[in-house]
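The structure under discussion appears below in the form of structure tokens.
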Amino acid sequence: QVQLVESGGGLVQAGDSLRLSCVASGGTFSTYFMGWFRQAPGKERKVVAQINQSGSSTDSADSVKGRFTISRDNTKNTVYLQMDSLKPEDTAVYYCVAAKTWAGLTTGPRSWGKGTLVTVSS
């Protein structure tokens, strides 16, 4: 089973940018669909963005469209989430997820990282 480790979270101000990274190990990275979820305090975990194995197809939640970009580098076993124009409501723990199918990113089976905290102050 693939192991995932996120990094890049931190405290930023509204309007700032941040790039999250997720490094995968223990599996053939290029065979996995990858995604990012987030969970705000007291709320359920929700999908933010998804990407297919080659990086040719992506999707993102309406709340982040035009501000967040998911990408991947299969030579580095890494998926990224570029977050621009951050808002206080983007404050959450961000989780990396891997699955063998596109649907699996949201329904399972899937593997989770432990998350990285992003705090956006106003």
Sidechain-backbone polar pair: Arg72 side chain, Asn52 backbone, donor-acceptor under 3.5 Å: yes
Validation row: Trp102, Asp59 side chains within 4.5 angstrom (heavy atoms): yes
Derivation and outcome, side-chain contact (heavy atoms from CB on, under 4.5 Å), residues Gln82 and Leu18: CA-CA 6 Å; Gln82 177 66 42; Leu18 207 56; over 6 Å; no
Step-by-step side-chain contact (heavy atoms from CB on, under 4.5 Å) determination, Val79 to Asp73: CA-CA 6 Å; Val79 62; Asp73 185 340; over 6 Å; no
Hydrophobic cluster identity match, Val48 and Ile51, side-chain contacts under 4.5 Å: yes
Hydrophobic cluster membership, Tyr95 vs Leu105, 4.5 Å side-chain cutoff: yes
Salt-bridge contact Lys65-Asp62 (side-chain N to carboxylate O under 4.0 Å): yes
Residue pair Gly35 / Ile70: nearest heavy atoms and the distance that separates them: CA-CD1, 4.1 Å
Shortest non-hydrogen contact between Cys22 and Met34, atoms and distance: SG-CE, 4.5 Å
Donor + acceptor pair across side chains of Ser54, Ser56 (<3.5 Å): yes
Joint cluster assignment, Leu81 & Leu86, ILVMFWY side-chain distance < 4.5 Å: yes
Where Gln3 and Gly26 come nearest, the two heavy atoms and their spacing: OE1-CA, 3.8 Å
Val12 with Val64, same ILVMFWY side-chain cluster at under 4.5 Å: yes
Gln39, CD: over 12 other non-hydrogen atoms inside 6.0 angstrom: yes
Side-chain donor/acceptor of Thr116 to backbone N/O of Glu6, under 3.5 Å: no
Residue pair Cys96 / Trp112, side-chain heavy-atom distance below 4.5 Å: no
Check against side-chain contact (heavy atoms from CB on, under 4.5 Å), Arg67 and Lys87: CA-CA 10 Å; Arg67 300 189 298 121; Lys87 304 175 181 180; 3.8 Å; yes
Side-chain (Ser17) to main-chain (Asp84) donor-acceptor, under 3.5 angstrom: no
Residue pair Ala61 / Val47: nearest heavy atoms and the distance that separates them: CB-O, 3.7 Å
Value rounded to 0.5 Å, distance of OG in Ser63 from CD in Glu89: 9.0 Å
Distance-minimising heavy-atom pair for Ser111 and Gln1: OG-NE2, 3.0 Å
Positive for side-chain contact (heavy atoms from CB on, under 4.5 Å) with Val118, one of Leu20, Asp90, Leu11: Leu20
Taking every non-hydrogen atom, the tightest pair across Val2 and Ala98: CG1-CB, 3.8 Å
Worked verdict on Gln53 versus Phe29 for side-chain contact (heavy atoms from CB on, under 4.5 Å): CA-CA 8 Å; Gln53 299 105 317; Phe29 181 71; over 6 Å; no
Expected output: side-chain Thr28 to main-chain Thr31 donor-acceptor under 3.5 Å: no
In one Ile/Leu/Val/Met/Phe/Trp/Tyr side-chain cluster, 4.5 Å: Leu4, Tyr32: yes
Aromatic plane relationship, Tyr94 with Phe68 - under 30° parallel, 30 to 60° tilted, over 60° perpendicular: tilted
Interatomic distance, Arg38 atom CZ to Lys46 atom NZ [nearest 0.5 angstrom]: 9.0 Å
Lys NZ or Arg CZ of Arg45 over Phe37 ring: under 6.0 Å, within 45°: no
Distance (rounded to the nearest 0.5 Å) between Ser7 OG and Arg19 CZ: 9.0 Å
